[in-house]
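Let me begin by presenting the structure, written as structure tokens, before commenting on it.
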Amino acid sequence: MAYYYRLGDIPPKRHTQFRQPDGSLYKEELVSSHGFSGIYSNLYHIHNPNTVKSIGEPKPYKWEIAKDYGLKQTHLNTSKLETTGDDYLEARRVLLMNNDVNMAICIPKQRKMDYYYKNADGDEVVFVHDGNGYMYSQFGKLRVRKGDYIVIPRTTIYRFEWEEGPLRLLIMESLGPIETVKRYRNELGQLLEHSPYCERDIRPPGELVREEAKGSYLVQIKKQGYLHQYEYAHSPMDLVGWDGFLYPYALSIHDFEPITGRIHQPPPVHQTFQAWGFVICSFVPRLFDYHPQAIPAPYNHSNIDSDEVLYYVEGNFMSRKGIDRGSFTLHMGGLPHGPHPGTVEKSIGAKETEELAVMLDTFRPLHLTTDALAFVDDKYPMSWTE
Ligand SMILES: [Fe+2]
């Protein structure tokens with residue numbers, strides 16, 4: 001959810017005759033959320049979006065929860081990974097999950113997808129840790145760059161084309177819609193003056209790209225633990241125009257303006273998105289607390305009813321030892337966590353930080369998947385003991 005936007009040609013009034021140069025009607029498609037009560041967009045296709053040529057065998061696509069992992073502060077170190085698979089879907093390796101959200105690392109070898117993908121289960125946020133490229137969808141062509149959060153509403157049909165060079169994606173899949181933070185919005189949805197980012201920072205697709213040739217277009221549809229194989233006679237990218245509030249967009253973590261204070265500010269000041277059962281926050285380069293007696297390192301924290309995940313993007317993580325670029329830490333509810341020994345004193349007098357990290361806090365327990373076990377740092381639970 002962002003703001004009203006339109007691209008291409010649309011009729012002056014919805015649900016009225018809108019004709020192609022040959023006199024035939026454009027095919028209108030309403031893409032709506034929460035039945036008819038949520039945000040929506042109206043899409044105008046050249047061809048009927050239902051022209052299925054064939055339906056292939058569904059491919060299982062699910063992850064298993066690691067049993068009996070226990071209550072442990074956890075460090076998953078994925079920093080050494082060079083690839084996690086050949087293609088975008090195969091390379092998705094979900095490491096943490098619950099019924100509201102899952103988090104995956106994805107480093108595909110193939111830079112171009114030769115099919116389209118649609119997530120019919122939930123919204124996705126793709127954080128581009130490394131990489132530059134384009135996302136193509138019905139809604140148009142979107143330039144995506146290192147540091148972008150790409151917010152992709154469910155049912156968006158898309159594919160990526162990445163440029164050569166390092167590529168590393170952090171993918172969060174959400175059962176509920178990904179939204180801007182409610183307390184930063186006025187009653188009409190506009191982002192307020194105290195919001196760390198505003199509409200100018202939200203980048204929707206810039207231009208429509210049309211594939212008009214008849215042929216064979218595979219759309220892999222993720223739904224209920226399977227990738228359903230749908231072959232269509234026309235490209236999903238056959239729009240002449242669309243308008244509405246529902247569309248994919250990019251927001252760079254570098255456009256998130258940090259909120260700082262005289263004493264340590266709590267994690268909600270870093271909140272970037274909200275969804276059902278979790279929040280996403282951005283830790284960005286910022287000035288440290290400026291009270292003369294301030295302690296810039298965070299205090300110990302007992303998160304009694306949430307699980308906290310930090311994904312370390314860049315910089316020197318002052319309060320943690322043994323953490324690499326590409327590390328995940330999971331601080332489970334029920335145990336206190338805090339700075340590593342020695343880091344509190346060391347932080348005093350520090351003026352600023354260059355750290356960059358993505359945090360995901362859930363309100364229901366997260367589970368490690370069996371795939372995550374290969375990355376567990378066994379020493380981490382004892383790493384506060386001197
Ligand atoms: Fe915490």
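Just so it is clear, the values below take in all heavy atoms, side chains as well, and ignore hydrogens, waters and symmetry mates. One-based numbering along the sequence shown. When a ligand or atom number is given, it counts from 1 through the structure's own listing order.
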- Give a yes or no on whether His337 keeps an N, O or S atom under 2.8 Å from the Fe ion (ligand 1). yes
- Enclosure of Ile295 CD1 (heavy-atom neighbours >12, cutoff 6.0 Å): no
- Nearest to the Fe ion (ligand 1) - the N/O/S atom of His301, by atom name: ND1
- Query: Do NZ/NE/NH1/NH2 and the carboxylate oxygens of Arg143 and Glu163 come within less than 4.0 Å?
  - Reply: yes
- Taking the six-membered ring for Trp, are Tyr69 and His367 ring centroids under 6.0 Å apart? no
- Message: Around atom CZ of Arg14, are there more than 12 heavy atoms from other residues, nucleotides or ligands closer than 6.0 Å?
- Response: no
- Message: Distance check below 2.8 Å: does Glu308 bring an N, O or S atom to the Fe ion (ligand 1)?
- Response: yes
